[in-house]
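Heads up, the thing below is written out as C-alpha cells.
Treat the numbers as computed from the prediction; the structure is a model and nothing was measured. In what follows, chains are A, B, ... by sequence order, proteins preceding strands, each numbered from 1.
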Amino acid sequence: MSFRLPSGGRLIDRTSELKFTFNGRIMRGFAGDTLASALLARDQMLMGRSFKYHRPRGVVASGAEEPNALMNIGEGGRFEPNQRATTAELFDGMAARSQNHWPSLEFDVGAINAKFARFLPAGFYYKTFLYPRHFWKYVFEPIIRQSAGLGAAPKEADADTYEHFYAFCDVLVVGGGIAGLMAARDAAADGKRVIVLEQNGHWGGRAPVDGAVVEGKPADEWVSVTLQALEANDNVTLRDRCMGAGVYDHGYVLGYERITDHAPANDVPRHRLWRIRAGHVVTATGALERPLSFAGNDLPGVMLASAVRDYVVNHAVAPGKRTVVVTNNDDAYRTAEVMVNAGLSVPAIIDARPSVDEALISKFSDLGVEVKVASAIAKVKGKDRVTGVAICAQDSNGSVSTTIECDAVAMSGGWSPVVHLWSHCGGKLTWDEDQAMFRPDPNRPPTNQTGEGFVSVVGWANGEIDQGDIAPVWIMPQGASIETRNKMWLDFQNDVKVSDVQLAAQEGFESVEHAKRYTTLGMATDQGKLSNINGLAVLADALDTGIPQVGTTTFRPPYTPISMGAIAGEARGEIFQPLRRTPMHAWHEKNGAHWEPVGHWRRPYCFQQPGESVEDAVNREITNTRTSLGLLDASTLGKIVVKGPDAGKFLDMLYTNMMSNLKPGKCRYGLMCSENGFLMDDGVVARIDEDTWLCHTTTGGADRIHAWMEDWLQCEWWDWKVWTLNLTEQFAQVAVVGPNARTMLETLGGMDLSAQALPFMGWADGKIGDFNVRVYRISFSGELSYEISVPASEGLAFWEALMEAGEPFGITPYGTEALHVMRAEKGFIMIGDETDGTVIPQDLGLNWALSKKKEDFLGNRAHSRSHMADPTRWKLVGLETVDGSVLPDGAYAVADGHNENGQRNMIGRVTSTYYSPTLDRGIAMGLVLHGPDRMGEVLAFPRVDGTVAYARIVSPVFYDPEGEKQNV
Amino acid sequence: MLTLKCPYCGVQACETELSPGYEAHLKRFGPGSSDDDFETYLFTRPNVKGVHFERWRHAYGCGKWFLAARCTTTLEVFGTYSAQTPAPPAEIIEAIKSKRPDWSPET
Ligand SMILES: [Zn+2]
C-alpha cells in the first residue's frame with residue numbers, strides 16, 4: 001500500500017491542510033502536494049484505465065511525462081479533461097475525477113476489451129477497414145465509439161480568461177534546474193537580457209532530491225542563493241509554472257504559463273502564452289527515465305525509480321512498504337538508498353547487468369539490500385496492484401527462480417535527455433552507445449537567419465547524465481516468449497506492447513514513422529515521452545539493425561499539451577474577429593435587420609417587420625422596390641481610386657475590357673481575370689477626370705483587389721506612374737431604386753437628376769438637399785436606380801433623410817437577399833455564385849466584355865489554352881422549373897449513362913436559384929453543356945431525397961429583357 | 001515564424017506581419033507566347049531545396065512587396081532587396097556565395 005510518511009517532505013507544508021474530492025469522495029492533502037502525491041498518500045494507487053484495453057493503471061511518473069494518471073479536473077465552466085495528476089498542484093476545493101471507465105473506476109465494463117486483446121493487435125483499425133463495410137459500420141464502430149476516448153469534453157463555455165504576452169530577449173533559458181540557472185547566471189553576467197522558464201512551481205530540478213552538492217553548497221541552498229541574485233538583476237525575468245512549449249524558426253519560442261491552475265481566481269487570466277523572440281535559446285530541460293519492458297510492467301505499483309524517490313523526498317509519500325528495484329544502471333540504486341533511509345523495506349535490487357561493481361553490491365548489502373545480478377523480472381504478480389515479482393535470469397527464456405513479495409516496483413531503464421526543444425526546429429541527434437541514449441549533436445544545431453545554431457543544450461538534456469554504468473536492456477528476460485512479450489507494455493497510454501511493435505516490423509512497417517502510425521506507439525497525449533526509445537529499440541532488434549539506423553520519430557511542439565484557451569488568448573467572443581460596420585449599421589439594427597456575414601462585414605439580409613417571416617420580408621422588399629421605391633445600403637462595395645498618367649494603361653491590363661477610352665463623367669461595367677484566365681471580380685468603373693478612375697469591387701473583393709493592383713504595380717510594371725488608394729470605408733453609398741426613385745430625390749431639391757442631365761451609366765457631383773453627393777446612374781436591379789455616395793460621417797443622416805423623403809412613396813429598405821433575387825431576375829452574374837474560381841467570362845456569355853482591340857490584359861493569354869477554348873465547356877443559361885418550384889442550389893443536371901466512377905453522367909449544374917416574387921415562380925441560372933444551343937430543352941435535376949426536378953433551358957434574363965426600366 | 005528585414009521601412013518583420021508571394025523573378029509571358037513558355041510561367045516551380053528567391057509583402061506594415069534570398073533547409077536569410085529588381089543584385093549573389101561556395105545562380 002502507498003501511504004504518507006510520518007516526517008519529511010521538502011515541498012509539503014503539513015500545517016496547511018487542503019480538502020479535495022476524487023470521484024466525489026472527500027480527501028485531504030497538504031499544500032505542496034500534487035494531485036498524484038495526495039492520492040498516493042491515501043493509498044489511491046488506481047488512478048485510471050488505459051485507452052484500448054481499459055487496464056487498471058496507477059501513476060508511473062512524477063512529472064510531465066506521466067502517461068496514466070490523467071484526470072478530469074474542475075466543474076462547469078472550469079472543467080478540463082486529460083490533466084496529468086503529477087503536474088496538477090493540489091488546491092483547496094479541487095474536484096478531480098478519473099477517466100475512461102464505466103460505470104466506475106473499480107468496476108469497468110470496458111475492461112472486457114483486455115479479454116479480446118488478441119483480436120486487437122497492431123494495425124487493428126487498418127485491417128478492420130478492409131473487411132466488408134457493413135461489418136465495420138454495424139459491429140466494430142459502435143463498440144469502439146462506446147469504449148474509445150480518454151477524458152470527457154467540457155460542456156460549458158470556459159469561465160476563465162487567457163492572454164498573450166510578447167517578449168524579447170538575448171538569451172532564453174528553458175528549464176530552471178541547476179544547469180539552467182547556471183546558464184542564466186552566466187548570460188546575465190555578460191549583460192544579456194535573460195528570460196528563464198521553469199515548468200514546475202519550484203526551482204532546482206531533481207538535484208535537491210538526489211542530494212547534489214553544487215559549488216560546495218547543498219543544491220537547495222545553492223538554488224535559493226542563485227535565484228536571489230538573478231531576481232535582483234533587472235535584465236533577468238524568471239517565470240515558474242511556465243513551460244517552454246515549442247521552438248520555432250529564427251529564435252521564436254512559445255512559453256505556456258499556468259497562472260491560476262494551482263490557485264483558481266477570477267481576476268487574473270488562467271493561462272498566459274508567451275510569444276518570445278530570443279537571440280539564443282539554451283535548453284536545460286533535463287532527462288526522463290525510461291521504463292523497463294517486463295511482463296505486467298503496467299500494474300499499479302510499478303513506477304519509475306526516480307519517481308518513487310521523488311514522492312518520498314518531495315512529498316513524504318511512500319509508494320509501498322516493500323519496494324523491489326529493477327534496473328540496468330547505477331542510478332536506480334539511489335532509490336533503494338532513499339527508501340532504506342526512510343525506514344522502508346527494499347527486499348532486492350534486480351539488476352539485469354551481467355556484472356555490477358563489487359563496491360556497490362557490498363554497500364547495499366551493508367544496508368540490508370540484496371543485489372541480484374544478471375537477473376530479471378519474469379512477471380509482476382497481482383491483479384489490480386502489485387503483490388510480488390517472479391525473478392528469473394536475464395539471459396533466460398523466463399523460467400522463474402524465485403518469487404519476492406512486494407507492493408511496489410521501482411524500475412529504471414536508464415535516462416533519455418529531453419531533446420524535444422532542440423529538435424523542434426531541426427536540431428539533429430547522435431546515438432551515444434556507452435550511455436544508450438540519443439543526445440543533441442552539437443555539430444548539427446537548428447539554424448537561424450544568419451545560418452548559425454541558435455539553440456544550445458546544457459546539463460542532463462545534453463546527455464551529461466549521472467547514471468553511472470548502464471547496460472542497454474530493452475526487454476526482460478532476453479528470451480521472453482511471445483505470451484510474455486504480449487504482456488510487456490511500451491506505451492502505457494495507447495496500450496502498445498512489445499509484441500505489437502514486433503508484429504509491425506514483421507508485417508513490413510520498417511520505417512519508424514510507419515511503425516509508429518501502425519501501432520499508435522507514441523501517438524497519445526504524452527507523445528511517447530516514456531515509450532519512444534524503448535519502442536524503437538524493440539523495432540531495431542526486430543529488424544536486426546542498430547538503433548541509430550532506425551532513428552527517432554519527429555519531435556513536434558508543444559512539449560506537453562497546451563490549452564486551446566491559451567492559444568486563443570484574448571481573441572474570443574466579440575473580439576475574436578473585428579466586425580466591420582457601415583455608417584448605417586445602428587439604424588439597421590434598430591429596424592429589424594436580419595444579419596448576414598459578408599467577409600468581415602455584417603449586412604442586412606432583409607428587414608423584418610413585426611410578425612413577418614424572413615421569406616415574406618424578402619418578397620415584400622422586392623415587390624415594393626419594383627413597383628415603387630427601395631433603399632439599399634451599398635457602403636460595403638469596394639471603392640478603389642486609381643490615379644496617374646499611366647492609370648488608363650494600367651486599368652486596360654487589369655480589366656478584360658477597355659477602360660482607358662471611358663469618358664470622364666461616364667461609368668462602365670468591367671471584369672477582372674487572374675493570369676489563369678478565371679473570373680475573379682467585377683464592378684462598375686467611373687472615370688473621374690483625365691488621370692483618375694474609381695473602381696468599384698465586390699464587397700468581399702475590395703482588399704484582395706487592392707492588393708492585386710499593388711502587386712502588379714510594385715513587382716511587374718514598377719515604372720508605370722500609377723497610384724492606388726482603397727477608399728471603401730471613407731464613403732457611405734446608398735442605392736435609391738425603383739420607378740419612383742427620381743421623383744422622390746427631386747423632392748429633396750438640388751442637382752438635376754433628369755435623364756438628359758444624368759443619363760444611364762453616367763455620374764455627376766452635386767447636392768441633394770444639403771448633402772454633397774456623387775451620384776452614379778447604375779443599376780444592379782434593372783430598375784431606375786441612383787447609387788449615391790456621401791462622406792462616411794454623413795451616411796446615417798443621408799439615409800434618414802432619404803427614408804423620410806421616401807415615406808409618401810412607401811419606401812422600403814431592402815437587404816442582400818432582395819438584391820440577389822433582383823439581379824438574378826435580370827440575369828446579372830454574381831461573383832461567388834456563377835463563378836467559383838474555375839469559370840471564365842466566356843462560360844458566362846460575357847464575351848462582349850473581352851476586348852479585341854487590346855493587345856494584352858491579365859488572363860488573355862490563358863483564354864487561348866486548349867481547355868479554355870474547348871467548345872464543350874459548360875455555358876450559362878437560365879433555368880425554369882416545369883412545375884414552378886425552386887431548384888435545389890448546386891443541383892446537377894444528369895444525362896443517360898454513367899461515368900468511370902459509376903456516377904450518373906453530369907451535363908450541368910445550378911449556380912443561383914431563387915423564388916421570384918415578380919414572376920411568382922422558381923428561377924435559376926446554371927452552367928450547362930452546350931446550354932445556349934439547347935434553348936427549350938428540359939433537363940433532369942435529381943434532388944437529395946431521390947425525387948427529380950425538371951427544368952427548361954431559357955434565357956437567363958427573366959425580367960425586362962430589353963432593359964427599358966433602368967434606362968428612363 | 002521567420003523574420004525578414006523589410007528593405008523599405010527597415011523593420012525586422014515577423015512572419016505574422018508578412019504575406020508570402022512565392023517565387024521571385026518570374027518572367028511574365030503574355031499574348032503570342034508559346035504554350036510551353038506560358039505553362040512554365042504559370043505553373044512550373046522548381047520548389048528549390050536550398051537557395052531560393054521569393055516574394056514577400058510587408059502586409060501589416062508599410063504594405064510594400066520585397067524580395068528575399070533564403071535557404072529553404074537551414075532557414076538562413078542571405079538578404080532582402082527591392083521588388084523592382086529583374087534579377088538578384090550583385091551583393092545578394094555575393095552574400096550567398098560567401099556562405100554557399102558551391103552554389104551558382106543557374107543551379
Ligand atoms: Zn516595410
Side-chain angles (χ1 to χ4, degrees), chain A residues 164 166 168 246-254 275-279 425-426 444-454 557 653 674-677 703-704 706-708 710-720 724-726 854-868, chain B residues 1-5 8 12-16 19 21-39 41-43 51 54-59 62-80 82-86 95-96 98-100:
Chain A
H164 287 184
Y166 293 82
F168 303 85
V247 172
Y248 306 83
D249 308 347
H250 293 185
Y252 186 73
V253 177
L254 285 184
R275 306 175 64 164
I276 305 167
R277 187 67 75 169
C425 206
R444 295 182 294 163
T447 50
N448 65 5
Q449 57 272 44
T450 62
E452 278 138 45
F454 71 95
M653 286 302 296
S674 66
E675 274 286 64
N676 270 314
D703 299 303
R704 181 167 47 87
H706 184 234
W708 171 247
E710 282 298 317
D711 191 348
W712 288 101
L713 285 172
Q714 291 181 35
C715 302
E716 186 72 21
W717 303 309
W718 61 74
D719 52 340
W720 294 12
T724 70
L725 193 58
N726 185 351
K854 293 194 292 189
E855 202 174 291
D856 192 7
F857 57 83
L858 297 181
N860 185 15
R861 172 64 183 83
H863 291 158
S864 56
R865 300 184 77 218
S866 56
H867 180 58
M868 302 299 199
Chain B
M1 292 288 252
L2 303 172
T3 54
L4 295 171
K5 186 173 184 169
Y8 291 95
Q12 187 72 30
C14 170
E15 203 173 325
T16 50
S19 57
Y22 320 110
E23 196 180 319
H25 303 305
L26 295 181
K27 181 181 166 14
R28 179 172 183 263
F29 284 91
S33 57
S34 71
D35 278 353
D36 282 351
D37 282 344
F38 188 66
E39 185 193 2
Y41 158 56
L42 273 190
F43 305 118
V51 177
E54 55 198 19
R55 294 161 11 103
W56 290 88
R57 186 179 184 219
H58 197 187
C62 67
K64 293 289 188 189
W65 282 96
F66 62 89
L67 307 183
R70 189 174 70 90
C71 177
T72 57
T73 48
T74 65
L75 308 184
E76 187 170 359
V77 179
F78 305 107
T80 56
S82 162
Q84 284 108 55
T85 314
I96 298 168
S98 74
K99 296 287 191 70
R100 302 278 188 282

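Taking A:Trp712 as the reference, A:Trp708, A:Trp717 meet the ring pair (Phe, Tyr, Trp, His ring centres under 6.0 Å) condition, with sequence neighbours excluded.
In this structure, a donor-acceptor pair under 3.5 Å is present between the side chains of A:Arg861 and B:Ser33.
We find that A:Asp856 and B:Arg28 are joined by a salt bridge, their nearest charged nitrogen and carboxylate oxygen being less than 4.0 Å apart.
At distances below 3.5 Å, at least one donor-acceptor pair connects side-chain atoms of A:Thr447 with backbone N or O atoms of B:Thr74.
Heavy-atom pairs under 4.5 Å with chain A peak, among B:Ala24, B:Ser19, B:Ser34, B:Ala59, at B:Ser34. Between chain B and the options A:Ser864, A:Ala862, A:Gly426, heavy-atom pairs under 4.5 Å are most frequent for A:Ala862.
In this structure, CZ in A:Arg277 is found 8.5 Å from CD in B:Gln12, a value given to the nearest 0.5 Å. Distance check: B:Arg57 CZ to A:Gln714 CD gives 6.5 Å after rounding to the nearest 0.5 Å. Taking CD from A:Glu716 and CD from B:Gln84, the interatomic distance works out to 11.5 Å, rounded to the nearest 0.5 Å.
Heavy atoms closer than 4.5 Å to chain A are found in the side chain of B:Phe43, but not in its backbone. Within the 4.5 angstrom heavy-atom criterion, atoms from both the backbone and the side chain of B:Leu2 approach chain A. Contacts of A:Asp711 with chain B are made by both backbone and side-chain atoms, with heavy-atom separations under 4.5 Å. Interface remark: A:Arg444 contributes no atoms to any contact with chain B (heavy atom separation under 4.5 Å).
In B:Lys5, the NZ atom is not crowded: 12 or fewer heavy atoms of neighbouring residues, nucleotides or ligands sit closer than 6.0 Å.
Between B:Leu75 and A:His250, the shortest heavy-atom contact is O-NE2, 2.7 Å. Between A:Thr450 and B:Glu76, the shortest heavy-atom contact is O-OE2, 3.4 Å.
Taking 4.5 Å as the heavy-atom cut-off, the residues of residues 62-73 of chain B that approach chain A are B:Gly63, B:Lys64, B:Trp65, ordered by number.
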- Task: Determine, stepwise, if the pair A:Glu675 / B:Tyr41 fulfils side chain to side chain donor-acceptor pair (under 3.5 Å).
- Result: CA-CA 10 Å; A:Glu675 274 286 64; B:Tyr41 158 56; 2.5 Å; yes
